Protein chains: 2
Amino acid sequence: MVTLAEVAQHAGVSASTVSYVLSGKRSISANTRQRVERSIRELGYHPNAGARALASSKSNIIALMVPLRTDMYVPVMMEIAIAVATSARAHGYDVLLLTGEEGPDAVRRVAGSGLADGMILMDVELDDERLPLLRETDQPSVLIGLPADTTGLTCVDLDFRATGALCVEHLAKQGHQDIAVIGEAPAVYERHTGFAERTLEGLRSRSRELGVRLLHRPCEGGYDAMAVTLARILDERPGTSGIIVQNESAVEPLLALLRQQGRAVPEDVSVVAICPDQVATQASVRLTSVAIPAQEMGRHAVDHLVAKLDGRGSDEVVLIAPELTVRGSTGPAPSRP
Amino acid sequence: MVTLAEVAQHAGVSASTVSYVLSGKRSISANTRQRVERSIRELGYHPNAGARALASSKSNIIALMVPLRTDMYVPVMMEIAIAVATSARAHGYDVLLLTGEEGPDAVRRVAGSGLADGMILMDVELDDERLPLLRETDQPSVLIGLPADTTGLTCVDLDFRATGALCVEHLAKQGHQDIAVIGEAPAVYERHTGFAERTLEGLRSRSRELGVRLLHRPCEGGYDAMAVTLARILDERPGTSGIIVQNESAVEPLLALLRQQGRAVPEDVSVVAICPDQVATQASVRLTSVAIPAQEMGRHAVDHLVAKLDGRGSDEVVLIAPELTVRGSTGPAPSRP
DNA sequence: ATAGGTTATCGAAGCGCTTCGATACCGATT
DNA sequence: AATCGGTATCGAAGCGCTTCGATAACCTAT
């Protein structure tokens, strides 16, 4: 293993000079710089991460806490995680992967040990138990998702309230009067996940304003659960002509069931999905949808965290404006008999 | 920030004693141990990761290199990644997330800087460009996937050859004579991903042995691509009665298309999938499948790597035996006219 | 009582780096 | 010629921990 001292000796300078060449924190003559850089290359030198962290109290690592549950919106999680890792590298940071398993203790461990300089939390619940710790250790952090109380926190999220409103609006504008919402699994609502509840608020308030009827039903993913849910909806509201889905694993089953029942999309029923673009375009019907901008969220989170670590940047809540893309699954409401 | 020295002072012992209490590398009297542990608790002490890494040349971090591509078998990747993170924690290690983006350089960087003690590589190609580096730096590592040359390497993977064979066997046993294979996207074969090619080998050799006809077609995910692929298959081999799918995002489109064309599963066509159990059970037809044991692979990889880091364990190739679960999508071949 | 062997603890060195004065040299200003 | 402000470099201290002898205290066996 090559050390700074060896590079220094090889280049005929002192260790501190090599350090300054590396960090650029003091001016170095062009001549010396080149000699040092050459030695670094020739010896294949890589600074030791531990020593660096110890001396500078900076690890150049960002911790990313992903939910342990693999049952929910997995591709989105993955996409965010990869976006985070990629953007972090672009800023010179590596990413430490923490699962939700450890719970709040992970926050304590990371903050206490100086393992990471800051952390990004995904899947934040409205009343998340990690937040008190985050505030008290004042660990630099960014949340992906929006808790109930955001004082002193930096959050990045899609504006799910506006997303809900946007979906209702789109359908209402086309004349749909009876709209059904197929939501995430009941467990998601029970644990008060922010995005699910806020979507619902948006859906409800906008439909109230626009005078359309709204029926919300949580739904486990999969074909069987979807069959039951759809039957219940059509039973309660036979006139339903617009459906909003916020559950990736319910999308394809829903479309299959509608087809099977002879309900044409979009002639008989219009469908709007809240899902990543990939899902919307790869479904059996090209879906009108509001995209979940996973990449953008990951990138934003990293940018904000890095800004904080650099002493720039402040606490703030960034809500990304939703965008509805019209594809082939929505159209005018059928005229009622 | 609390340091070892402060704990030592608080407990009235020397720093080294505290260190030995923590590591258990020398015997400590019960009395002293308790006093020290109490101080640790009262002061909320966490050892500094950087200092530890520097002094012990061990970071207690495992690097996990995931593919950058988000287009392929995403849930499997995610499940493996989470299994790795979870098992690693159980062994006292944290996980550093590296994306394929950096390519081979990441290996050099991690090995050189002592950032991680070892690494796990996912999505290994047959002739992976990271392997020479891995061998030359003799960085402790485990591959998930099987390259062409495994000398000096430890690998964990599902036995995809046996998996292919198993699928053919199952269908042949039920009398199917004409079998079609819907594979991964063409790009996957072009970059010589090991698992795809080995599955194919297994499929081909077993079908030759059993005297059944086999047609293999790569397929991009999604509905449209699937429609084209299926049409071509049925055009070339109208008598096809068994289909093997190895492409998660083709599964649901395939089932929808078959339904749409009035081909009943399993009465007219039998379908075997190679996919995670979750996909097989949540599809619109409960699929007979060979599971991809993501969790098990992640766990194995970590166990082997930790064994290596402890000086136990040797280079070896672990192939997990495939298991075929019969569900509702396969049955006897229809009698030919 | 003394040598020999344990067991429990301490002190000091050192891991590889960053960073803060200090120093030496230079040309420009008076 | 003496002074000043830069610029380029060096040396040494120190980050918080691990680990290796050394030492002291205590048993046991002679």
Side-chain angles (χ1 to χ4, degrees), chain A residues 1-37 39-40 43-61 92 94 109-117 309, chain B residues 1-37 39-40 43-61 92 94 109-117 309:
Chain A
M1 218 206 162
V2 190
T3 70
L4 229 214
E6 293 173 309
V7 173
Q9 190 172 17
H10 185 272
V13 299
S14 77
S16 51
T17 301
V18 178
S19 178
Y20 286 124
V21 167
L22 249 30
S23 68
K25 291 191 180 174
R26 283 203 184 169
S27 51
I28 297 284
S29 70
N31 184 358
T32 306
R33 156 171 291 112
Q34 282 168 13
R35 269 212 330 286
V36 170
E37 281 169 351
S39 298
I40 289 178
L43 300 180
Y45 169 71
H46 284 269
N48 178 291
R52 221 169 212 196
L54 177 57
S56 67
S57 337
K58 278 212 57 187
S59 63
N60 281 295
I61 290 182
D94 274 295
R109 193 166 62 86
V110 170
S113 68
L115 233 188
D117 297 330
L309 294 177
Chain B
M1 215 205 164
V2 191
T3 69
L4 228 214
E6 292 172 311
V7 173
Q9 190 172 18
H10 186 272
V13 298
S14 76
S16 50
T17 302
V18 177
S19 178
Y20 287 124
V21 167
L22 249 31
S23 68
K25 292 190 179 174
R26 284 203 184 169
S27 51
I28 296 285
S29 71
N31 184 357
T32 306
R33 156 171 292 111
Q34 281 169 14
R35 268 214 329 285
V36 170
E37 282 170 349
S39 297
I40 288 178
L43 300 180
Y45 168 71
H46 284 268
N48 178 293
R52 220 169 213 195
L54 178 57
S56 66
S57 335
K58 277 213 56 187
S59 63
N60 280 295
I61 289 182
D94 274 295
R109 193 167 61 87
V110 170
S113 67
L115 233 187
D117 297 330
L309 295 177

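Here the structure is a predicted model, which means the values were calculated and not measured. All chains are named by letter (A, B, ...) in the order of the sequence lines, taking the proteins before the strands, and each is independently numbered beginning at 1.
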Handout entry: Rounded interatomic separation in angstrom, taking CZ from Arg35(B) and C1' from dC10(C)
Key = 14 Å
Exercise for the section: State the CG-CG distance between Leu4(A) and Leu22(A), to the nearest 0.5 angstrom. Expected result: 7.0 Å
Completion exercise
Against the side chain of Ser27(B), the closest entry in dT18(D), dC17(C), dA8(C) is dA8(C)
Handout entry: Atom-pair distance (CG on Asn31(A); C1' on dC25(C)), nearest Å
Key = 15 Å
Handout entry: Protein-nucleotide distance (Leu22(B), atom CG; dT18(D), atom C1'), rounded to Å
Key = 11 Å
Fill in the blank from the handout: In B/S/- notation (B base, S sugar-phosphate only, - none; protein heavy atoms under 4.0 Å), nucleotides 19-27 of chain D written 5' to 3' is BBBB-----
Handout entry: Whole angstrom value for the distance that separates P of dT7(D) from CZ of Arg33(A)
Key = 14 Å
Handout entry: Euclidean distance, atom CG of residue Asn60(A) to atom P of dC17(C) [Å, nearest integer]
Key = 14 Å
Problem - Distance in angstrom units between Met1(B) CE and dG16(D) P, rounded - result: 7 Å
Exercise for the section: Please indicate whether Lys25(B) has more than 12 foreign heavy atoms, meaning atoms of other residues, nucleotides or ligands, lying under 6.0 Å from its NZ. Expected result: no
Practice task
Could you check how far CG of Asn48(B) sits from C1' of dT18(D), rounded to whole Å?
Solution key: 13 Å
Problem - Test item: Ser59(B) side-chain N/O and Leu115(B) main-chain N/O as donor-acceptor pair under 3.5 Å - result: yes
Handout entry: For Val36(B), the option from Val18(B), Ile28(B), Asn31(B) that meets side-chain contact (heavy atoms from CB on, under 4.5 Å)
Key = Val18(B)
Practice task
Answer yes or no: does a side-chain N or O of Ser14(A) lie under 4.0 Å from OP1 or OP2 of dC10(D)?
Solution key: yes
Problem - Nearest listed nucleotide, side chain of Leu54(A), among dC10(C), dT9(D), dG16(C) - result: dG16(C)
Problem - Donor-acceptor under 3.5 Å (Asp94(A) side chain, Ile61(A) main chain) - result: no
Exercise for the section: Under 4.0 Å between any heavy atoms, over every strand shown, what does Ile28(A) touch: base, sugar-phosphate, or nothing? Just pick one. Expected result: sugar-phosphate
Handout entry: Gln9(A), CD: over 12 other non-hydrogen atoms inside 6.0 angstrom
Key = no
Handout entry: Arg52(B) side-chain N/O to dT18(D) phosphate OP1/OP2 under 4.0 Å
Key = yes
Practice task
Evaluate the side-chain proximity of Val7(A) to Val2(A): yes if any heavy-atom separation is below 4.5 Å, no if none is.
Solution key: yes
Exercise for the section: Consider the side chain of Ser29(B), meaning its heavy atoms from C-beta on, and name the nucleotide among dG16(D), dC17(C), dA8(C) that approaches it most closely. Expected result: dA8(C)
